[in-house]
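One structure is given below, encoded as structure tokens.
Below, each value reflects all heavy atoms present in this structure, side chains not excepted, and no hydrogens, waters or symmetry copies. We name chains A, B, ... by the order of the sequence lines, and we start the count at 1 in each one.
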Amino acid sequence: MSDHPTPPDHADPDSGERRILTPGTPNPRREFLRSAALFTATAGALGGGLELLTRRPGGPGSAEAQGAAFTRPARPLGPYDTSEAVTPYAQATSYNNFYEFGLDKSDPARMAASLKTRPWTVRIDGEVRKPMTVDIDTLQGWFPLEDRVYRMRCVEGWSMVMPWLGFPLAALIRRMEPTSKAKYVQFTALLDPKQFPGQRQPVLKWPYVEGLRLDEALHPLAFMAVGLDGRVLPGQNGAPLRLAVPWKYGFKSIKSVVRITLTEKQPQTTWALAAPQEYSFYANVNPAVPHPRWSQATERRIGELGRRKTLPFNGYAEQVADLYRGMDLRRSF
Amino acid sequence: MGGLIPAAVLIADALSGQLGANPIQRATLQTGLLTLALLVLSLACTPLRLLTGWTWPARIRKALGLLAFGYGVLHFVIYLLDHSFDLTLMTEDVLKRPFITAGFTALLLLVPLALTSTPHAVKRLGFQRWTRLHQLAYVAVSLGALHYYWGVKKDHTPPLISAAVIATLFLIRFLKRRPTRPGTRAAKV
């Protein structure tokens, strides 16, 4: 059956079982080791490569964040406070949308050190009797600072409970003495790509601009925050001065404000310019109006795994629904 | 095997709280990216072989495709988990939102591919028909890139990069296939 020559007589008795190792013939064991090494290397390279390509740092972990318990200021709840559990400070300061610092949620906390919040001035102008440029410390010294525990609902479908420290926007506006032409309030954030690395990319039209109708701005819920959890506001949360309008999606609450202008015309706001079919001027939290790409009916409270129902006006309907009487909030969403 | 490393890291991250304040969202994003990356890699095998003459890409192609499917299923399961396994909500999402429709369709298209990934299936279907069927991967990857593009709120650079890579791979296939040996075109996918 075989034409192979018989092994030479002088061969080792059990060499019949072994193959004679010449450079040409493969050694099964060496071959196995070689393919195992190749396999490990390929697997490692593939896994490592995919990891590099797709994994993003998540910021401080939830476990760690839960450890840092928040101590609520010992004070009675005011008429505008929510009694819901406050979002742990570590999470509220590590999961932020602040595209001036970068697009990832963890970018703001990582980059916030580049923001210099002192000295800082705020320009107040437009339809006011007393246009002025005022230092932030002078400005916040005008008003007694209050604590406000507000819900915050992001248009992306997550929410937090934020313990702000600041003063009502209405107090500031009254001090500016609006003229009879004033119908809207326009807010402008700092434009400085040196401090805001995200502004080096034309992701949005910089500077970030937001606005409110004058009656919205005068509502007692509309709040200017200079602190969070009794501490000075961190850069990633919009230091040194930010807006908090809790019945609207989070992007309305502009951060790092440098200018407040009273206007006759409705301001052109950043997100409404960027994607008018998705984000509008009013941006009232409304579970009945879905975002074109996802439902707004539910939201995830940061720190929880499940979802909860989103409330009209983010739960502030009783206070603010009157502002919109007669408006079709499906069209002016 | 290496393709399982990201899953292991993801689980480790989840257990150690490294996924940040919104772990479900991050897990969704990561598994979605992994699905698309693996799908693109599996589709890069043939162009790579055509360009270089190497045979190893063809040998790992199936593994890459199956891994992509695995991560796609995981991505979908996490999406369902995010919606408390509420199938009414899911159906509404799939029917009403093009973004979800594209992703869901891409995953559905991968199901027959995964089911017929055995040599036995190739024999039973016949090579030509099997090849035809597996060309669905082209549709699936395109829908996947579209799903990624629509899912992003503002920065469209990464989805556009993925679309550019996919387009390049299609182009290489097209250029390499047509002029050389037109007779064996169908077999050279």
Option in A/Trp271, A/Trp158, A/Tyr279 with maximal non-hydrogen atom pairs under 4.5 Å from chain B:
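The residue among A/Trp271, A/Trp158, A/Tyr279 with the greatest pair count is A/Trp271.
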Atom pair [atom1] ([X]) and [atom2] ([Y]), whose distance is rounded to the nearest 0.5 Å:
X: A/Trp294; Y: B/Ile100; atom1: CH2; atom2: CD1; value: 10.0 Å
X: B/Asn22; Y: A/Leu305; atom1: CG; atom2: CG; value: 9.5 Å
X: B/Asp82; Y: A/Thr298; atom1: CG; atom2: OG1; value: 7.5 Å

Taking atom [atom1] of [X] as the centre, report whether more than 12 heavy atoms of other residues, nucleotides or ligands fall under 6.0 Å from it.
X: A/Arg330; atom1: CZ; answer: no
X: B/Arg129; atom1: CZ; answer: no
X: A/Glu304; atom1: CD; answer: yes

Quick one, B/Lys96 and A/Ser295 - any side-chain contact, counting heavy atoms below 4.5 Å?
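No, their side chains stay 4.5 Å or more apart.
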Please flag which part of [X] lies under 4.5 Å from any non-hydrogen atom of chain B: side chain, backbone, both or neither.
X: A/Asn97; answer: side chain
X: A/Glu156; answer: side chain
X: A/Arg293; answer: both

Checking B/Leu89 against chain A: side chain, backbone, both or neither under 4.5 Å from a heavy atom?
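When you check distances to chain A, no heavy atom of B/Leu89 falls under 4.5 Å.
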Can you tell me which portion of B/Leu81 sits under 4.5 Å from chain A's heavy atoms? Options are side chain, backbone, both or neither.
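For B/Leu81, no heavy atom lies under 4.5 Å from chain A.
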Exam field: side chain A/Arg307 to backbone B/Ser84, donor-acceptor pair closer than 3.5 Å
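Not a single qualifying donor-acceptor pair exists.
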How close do A/Arg300 and B/Gln25 get, heavy atom to heavy atom, and via which atoms?
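Reported closest heavy-atom pair: NH1-N, 4.4 Å.
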